Amino acid sequence: MADATHILRVSPVIPVVTIDDPRHAVRVARALADGGVRIIELTLRTDSALESLKLIAGEVPEILLGAGTVLAPGQADAAVDAGAQFLVSPGVTPALLGHMLTLEVPILPGVATVGEVMAVLEQGLQAMKFFPAGPAGGPAYVAAIGAPIPHVQFCPTGGISPASAPDYLRLPNVSCVGGSWLTPRNAIENGDWKLITGLAQQAAALGVSP
Ligand SMILES: O=C[C@H](O)COP(=O)(O)O
Ligand SMILES: CC(=O)C(=O)O
């Protein structure tokens with residue numbers, strides 16, 4: 001099933017995580033899960049990303065494991081082989097989208113314009129990443145897309161902070177947001193897993209109504 005609507009309901013925030021040293025991978029995933037965030041989008045931006053995916057897939061079964069920054073069909077295949085349970089791309093091309101649709105995992109293609117939303121919708125997908133959310137227009141832009149196309153659910157990502165996340169999460173066409181703020185690079189390098197767990201707890205609480 002390619003549609004990722006159910007993936008967007010796992011957590012109010014999908015952490016977008018970049019790990020340089022695979023020895024940190026399991027600790028980062030556990031720190032997020034300990035804070036109540038049981039989903040991770042591990043970017044394929046480092047040479048060791050596939051190794052990190054394999055380690056998390058093998059040792060942290062309680063977290064839903066996605067691969068992000070999928071730019072090419074071969075990367076999508078390699079990520080699934082490494083254990084990715086869903087795939088995220090910052091944008092779409094016909095070749096990449098067509099290939100990802102042949103795989104057995106949910107996909108979250110990135111879109112930034114109404115035309116791109118319509119192109120992805122034509123392929124039968126109703127869940128999309130909106131990227132880069134802040135620079136592309138922010139909550140007002142996402143809300144405006146919802147007028148003609150109310151049945152698409154978005155995960156806005158890019159330039160979002162704990163302060164701005166609620167402005168997106170209150171929109172009817174936003175199920176969650178994505179962000180890198182839960183896993184600061186220096187916290188990973190310093191092994192500050194408590195900080196990451198604390199940031200995850202705050203993020204998980206964004207989904208709880210006051
Ligand atoms: O490339 C950006 C990541 O997808 C997340 O963006 P962010 O660092 O603004 O949260
Ligand atoms: C930014 C983004 O969407 C990605 O790295 O997949």
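Keep in mind that the numbers below use all heavy atoms, side chains included, and drop hydrogens, waters and symmetry copies. Counting starts at 1 for both ligands and their atoms, following the listed order. All values derive from a computational prediction rather than experimental measurement.
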Checklist entry - What are the atoms of ligand 2, with element, lying closer than 4.0 Å to any heavy atom of G68? => result 6 (O)
Checklist entry - Quick one: does G159 get an N or O within less than 3.5 Å of an N or O on ligand 1? => result yes
Item to check | Rounded distance (nearest 0.5 Å) linking atom CG of D34 with atom CZ of R27 | outcome: 9.5 Å
Item to check | Step-by-step salt bridge (Lys or Arg N to Asp or Glu O under 4.0 Å) determination, R185 to D20 | outcome: CA-CA 9 Å; R185 237 181 173 120; D20 293 301; 3.0 Å; yes
Next on the checklist: Ignoring hydrogens and geometry beyond distance, is a side-chain donor-acceptor pair present between T69 and R45 at under 3.5 Å?
Outcome noted: yes
Checklist entry - Considering only heavy atoms of R45, which atoms of ligand 2 have at least one such atom less than 4.0 Å away? => result 1 (C), 4 (C), 5 (O)
Checklist entry - Who's the nearest protein heavy-atom neighbour of atom 1 (O) of ligand 1, and how far? => result R45 NH2, 3.1 Å
Next on the checklist: If you define the side chain from C-beta out and look only at heavy atoms, does anything of I19 sit under 4.5 Å from T46?
Outcome noted: no
Checklist outcome for this item: heavy-atom search around atom 5 (C) of ligand 1 in the protein gives T157 CG2, 3.9 Å
Checklist entry - Which ligand 1 atoms does V16 reach within 4.0 Å, using its non-hydrogen atoms? => result 3 (C), 4 (O)
Checklist outcome for this item: Within 4.0 Å of some non-hydrogen atom of E41, the atoms of ligand 2 are 4 (C), 6 (O)
Checklist entry - Do Q153 and T5 get their side chains close enough for a donor-acceptor pair, meaning under 3.5 Å? => result no
Item to check | Heavy atom of the protein closest to atom 7 (P) of ligand 1 (residue, atom name, distance) | outcome: S180 OG, 3.4 Å
Next on the checklist: List ligand 1 atoms under 4.0 Å from G179, heavy atoms only on the residue side.
Outcome noted: 10 (O)
Checklist entry - Does T157 have a heavy atom less than 4.0 Å from any atom of ligand 2? => result no
Checklist entry - With only distance considered, is T43 within less than 3.5 Å of ligand 2 through an N or O on each side? => result no
Checklist outcome for this item: In this structure, NE2 of H99 is separated from OG1 of T93 (nearest 0.5 Å) by 11.0 Å
Checklist outcome for this item: shortest atom 2 (C) of ligand 2-to-protein heavy-atom contact is with K129 NZ, 3.2 Å
Item to check | Any N/O pair K129/ligand 1 closer than 3.5 Å | outcome: no
Item to check | Cluster overlap V16 with I160, hydrophobic side-chain contacts below 4.5 Å | outcome: no
Next on the checklist: Considering non-hydrogen atoms of the protein only, which is the closest contact for atom 6 (O) of ligand 2, and what is the distance?
Outcome noted: T69 N, 2.6 Å
Next on the checklist: Assess the residue pair R30 and E59 against the criterion (side chain to side chain contact (heavy atoms under 4.5 Å, CB included)); give the C-alpha distance rounded to whole Å, side-chain angles, the decisive distance to 0.1 Å, and a yes or no.
Outcome noted: CA-CA 9 Å; R30 285 202 182 121; E59 297 188 40; 4.2 Å; yes
Checklist entry - So which heavy atom in the protein is nearest atom 6 (O) of ligand 1, and how far is it from that ligand atom? => result G158 CA, 3.6 Å
Next on the checklist: For Y141, run the ring pair (Phe, Tyr, Trp, His ring centres under 6.0 Å) check against F154, F131, F130, Y168 and tell me which one passes.
Outcome noted: F130
Checklist entry - In Å and rounded to the nearest 0.5 Å, what is the CG to NZ distance from L8 to K129? => result 10.5 Å
Checklist entry - Would one find an N or O of W181, backbone or side chain, under 3.5 Å from an N or O of ligand 1? => result no
